[in-house]
Every structure is written in C-alpha cells, then in structure tokens.
Amino acid sequence: MSVGAVGKTWEPLIGVEEDDLERWDLEVAGYQLDATLSSGQTFRWKRVGGRWEGVIYGRWVRLSQGHGGLEVWTVRSGDKTSGVDWLGRYLRVDEDLDAILAEFPNDPILEEAVGRWRGLRLLRQDPWECLASFILSSTKRIPQIEQVVGLLCERYGERVPAPVSSGPWYAFPTVERIAGLSEEQLRTCKMGFRAPNLLACARRIESGELDLGRVVRMDLEEARIELMKVSGVGPKIADCALLFGFGFERAFPVDVWVARVLRRYYFRGRAVPLPRLRAFVQRHFGEHAGYAQQYLFHHIRHLDSL
DNA sequence: TTCCAGGGTAAGC
DNA sequence: GCTTACCATGGA
C-alpha cells in the first residue's frame with residue numbers, strides 16, 4: 001500500500017495505485033460482456049479503454065473480456081471476503097445460458113436476436129439500487145439515466161476505494177441516506193418530477209411498509225402489486241426491478257422499444273393496446289421470458305429500421 | 001424550434 | 001378497458 005497507513009490508526013485507503021489491485025479470472029464460455037453491460041439493465045458501468053469499470057455491492061471492479069472467460073481486477077483488501085464469488089453471482093456466470101436460450105419459442109425475430117447477441121446475460125443486481133434506478137428511468141434515454149444515477153451516487157453515496165487514475169468512485173446511496181434527504185436535494189441530480197417518487201420509495205422501505213426481502217419471496221403477480229404501491233412505479237418499472245434486481249425470470253418489461261417490436265413482429269404492425277401486449281408476452285415467452293425480453297430489447301436497439 | 005426519451009397518473013371517453 | 005395531457009430535462 002502506498003499512503004494511508006500512516007501512524008498507528010489505519011485509515012481506509014480511498015485512492016489506490018495499480019499495484020494495490022488484485023487480479024482474478026472468472027471462467028465462463030462465450031460471455032458477451034459489452035452487450036451485457038450496455039443493454040440498459042444497469043446504469044453504473046463505464047467503458048474505460050476497452051475495459052469496464054463500475055461499483056458493485058459497494059466495491060469497485062474492473063472487467064475485461066478474456067479468452068476463456070473474464071478478467072477481473074479488484075482493490076486488494078485484507079479482509080476475509082476475498083475471492084470473487086459475489087461478482088460471479090452478479091454476472092450470472094454460473095448459469096447454463098445455452099440451455100435457457102434453447103427453450104425460447106421459435107420466433108424469427110428472437111432467433112435473429114440470439115444469433116447476433118448470444119452471450120448476453122441478465123445480471124443479479126441489488127434490489128434497492130435496481131428499483132431506485134428504474135424509478136429514475138421514466139421518459140429518459142439511457143445516457144440520461146446514467147447521468148442522473150451518477151450524480152446521485154456522487155453526491156450522496158459513500159466514496160469507495162478505487163485507483164486514483166480512474167477518478168473517484170461512489171457506492172449507490174443507501175435507503176437511509178436517500179430517505180433523509182429533501183426533494184430539493186434530490187432535484188439537484190436532475191431527476192425532475194421523479195424526485196418525490198424516489199423519496200417516497202426510500203421512506204416506504206425505511207418505515208418497513210415495503211420490505212424488499214419479502215418481495216423476493218413472493219410470486220410474480222404479488223410482487224408486482226407490492227412494488228406498484230410505490231408512487232411512480234407502474235407495470236414497466238416494476239417488471240424491470242423484478243427481472244434485474246429481484247430474480248424474477250418471468251418478468252417481461254414492455255417499454256416503448258419492446259412494444260414496437262412486439263407490434264411489428266407478432267401482430268403484423270397492428271395498433272395493439274399496451275395492456276393486451278402485456279397479456280400476450282406472459283402467455284407466449286414462457287419460463288425465461290425475461291431473458292427473451294432482454295435479447296429483443298438489445299437487438300432492436302441496434303437495428304436502425306423500425 | 002420541435003420532438004422524444006427502457007413511464008406513471010388521473011381524468012375523460 | 002383504452003386514450004390523452006401532464007409531469008422535468010437534455011440532446012438530436
């Protein structure tokens with residue numbers, strides 16, 4: 001370690017050097033890191049010269065696509081929680097992706113999406129961070145969501161140890177931290193009319209009215225209803241949070257993009273109402289509907305037609 | 001300038 | 001049950 005361990009009291013090191021990093025390998029075949037981290041399910045990763053950097057569960061991480069899997073860098077820490085099992089869980093490297101993709105329905109557009117993006121995976125994100133981020137996502141483009149979430153972390157999140165060369169990094173703010181802020185303080189992060197919604201959500205969790213740990217154990221319909229009690233959380237945001245943060249693999253968020261591709265490829269371009277689309281996807285896409293949705297979403301965003 | 005963005009809500013048909 | 005105006009903000 002370079003600085004920080006001066007004198008008797010050891011102070012946690014915030015800015016570290018490259019020498020203070022630990023390197024790991026995550027063995028996994030055909031992981032599409034770029035597609036996974038840029039597919040609009042998370043807003044906290046930055047591409048830094050061919051690699052990805054971000055903060056997961058309060059820890060800074062650098063990731064790179066290797067040959068037999070993923071290369072990982074973390075900040076060396078003396079504590080017992082060494083290893084990167086927590087990261088493998090986040091990235092779902094333990095999952096048999098081919099088996100999942102094999103169970104997709106035989107749709108031309110879905111096969112096209114899998115053909116191009118095979119290796120794209122869902123992530124297991126922190127439920128609170130995920131729910132909060134998607135409350136901030138409504139009527140915003142992905143770069144804007146990244147900006148708002150970034151500002152929120154920068155202003156109200158704890159700074160975490162990271163290489164000095166890569167700039168300051170912050171954890172996502174805790175429920176308690178957000179709950180203690182004012183609407184005006186949140187609005188300084190450019191979240192506009194979403195500020196009262198995020199605040200109400202944090203306070204609802206803090207008061208115990210909303211128990212995220214309990215939501216995880218509910219069935220999908222019950223969980224949706226529970227999340228939709230939060231002001232600013234409707235069907236789409238609830239489904240995003242449930243799919244990306246709460247482990248509900250049948251959740252199928254229908255946003256403007258997915259609605260567009262559904263109408264075009266499954267309803268011959270007819271003006272099918274949104275509620276009918278939602279009913280359709282629950283019937284049609286089966287057990288891994290959430291995965292199918294993510295492939296469709298990512299694929300159509302890379303098609304310049306439509 | 002005008003339009004739209006990984007929407008939700010409430011009012012009105 | 002479905003459609004519409006409105007809610008901030010920034011980028012094309």
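The structure presented is a predicted model; accordingly, all values stated were derived computationally and were not measured. In what follows, every chain begins at residue 1, and chains take the letters A, B, ... in the order their sequences are listed.
- Comment: A:Glu22 does not engage A:Arg59 in a salt bridge, judged by the lack of any side-chain N to carboxylate O separation of less than 4.0 angstrom.
- A:Met191 places its CE atom 15 Å from the C1' atom of C:dG10, with the value rounded to the nearest Å.
- Listed by first then second residue, pairs satisfying salt bridge (Lys or Arg N to Asp or Glu O under 4.0 Å) with a partner in residues 105-126 of chain A read A:Asp94-A:Arg124, A:Asp98-A:Arg118, not counting sequence neighbours.
- Pairs of residues two or more places apart, or lying in two chains, that qualify as salt bridge (Lys or Arg N to Asp or Glu O under 4.0 Å) and include a residue from residues 194-207 of chain A are A:Arg204-A:Glu209.
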Open item on the list: Walk along nucleotides 8-13 of chain B from 5' to 3' and tag each nucleotide B, S or - by protein heavy-atom contact under 4.0 Å, base first, then sugar-phosphate.
Closed with: SS----

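- If you take CZ of A:Phe193 and P of B:dG7, they are 10 Å apart, rounded to a whole angstrom.
- Within the 4.0 angstrom heavy-atom criterion, base atoms lie near A:Phe244.
- B:dG7 atom P lies 14 Å from atom CD1 of A:Ile135, rounded to whole Å.
- With sequence neighbours excluded, the residues satisfying side chain to side chain contact (heavy atoms under 4.5 Å, CB included) with A:Asn197 are A:Ile135, A:Ser231.
- We find that CZ of A:Arg194 is positioned 9 Å from P of C:dT9, with the value rounded to whole Å.
- Within the nucleic acid shown, A:Thr42 has no heavy atom closer than 4.0 Å to any nucleic acid atom.
- Among residues two or more places apart in sequence or in another chain, the ring-ring contact (aromatic ring centres under 6.0 Å, His included) test is passed with A:Tyr291 by none.
- The cationic atom of A:Arg89 (NZ for Lys, CZ for Arg) does not lie both less than 6.0 Å from the six-membered ring centre of A:Trp86 and within 45° of the ring axis.
- Atom CG of A:Leu136 is separated from atom P of C:dT9 by 13 Å (rounded to the nearest Å).
- Residues satisfying the ring-ring contact (aromatic ring centres under 6.0 Å, His included) test with A:Phe244, not counting sequence neighbours, are A:Phe134.
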Give me, pair by pair, the N or O atoms of the protein and of nucleotides 2-4 of chain C that are less than 3.5 Å apart, along with how far apart they are.
none

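- Protein atom CG of A:Leu152 is 16 Å distant from nucleotide atom C1' of C:dT9, rounded to whole Å.
- Checking C:dA8, B:dG6, C:dG10 against the side-chain heavy atoms of A:Arg187 singles out C:dA8 as nearest.
- Across the P atoms, B:dA10 and C:dA8 are found 15 Å apart, a figure rounded to whole Å.
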Side chains of residues 210-218 of chain A: which donor-acceptor partners sit under 3.5 Å, not counting sequence neighbours?
residue	atom	partner	partner atom	Å
A:Asp211	OD1	A:Gly213	N	3.0
A:Asp211	OD1	A:Arg214	N	3.3
A:Arg217	NH1	A:Gly213	O	3.1

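- Applying the salt bridge (Lys or Arg N to Asp or Glu O under 4.0 Å) rule to pairs touching residues 134-163 of chain A yields nothing, sequence neighbours excluded.
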Grab the N/O contacts between the protein and nucleotides 2-5 of chain B below 3.5 Å, and write none if there aren't any.
residue	atom	partner	partner atom	Å
B:dC4	O2	A:Arg141	NH2	3.3
B:dA5	OP1	A:Arg260	NH2	3.1
B:dA5	O4'	A:Arg141	NE	3.3
B:dA5	O3'	A:Lys140	O	3.2
B:dA5	O3'	A:Arg141	N	3.4
B:dA5	N3	A:Thr139	O	3.4

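- The nearest whole Å value for the distance from the CG atom in A:Leu122 to the P atom in B:dG6 is 19 Å.
- Here salt bridge (Lys or Arg N to Asp or Glu O under 4.0 Å) pairs that include residues 170-183 of chain A, with residues two or more places apart or in two chains, are A:Glu183-A:Arg187.
- Atom NE2 in A:His302 sits roughly 13 Å away from atom C1' in B:dG6 (whole-Å rounding).
- With sequence neighbours left out, A:His298 forms a ring-ring contact (aromatic ring centres under 6.0 Å, His included) with A:Trp117, A:His302.
- A:Glu146 comes within 4.0 angstrom of no nucleic acid atom, judged by non-hydrogen atoms across all strands.
- The base of C:dG11 is not paired with the side chain of A:Gln147 by any donor and acceptor separated by under 3.5 Å.
- In the hydrophobic cluster analysis, where Ile, Leu, Val, Met, Phe, Trp and Tyr join through side-chain heavy atoms closer than 4.5 angstrom, A:Val48 is grouped apart from A:Val61.
- Taking atom P on both C:dG1 and B:dG6, the two are 29 Å apart, rounded to the nearest angstrom.
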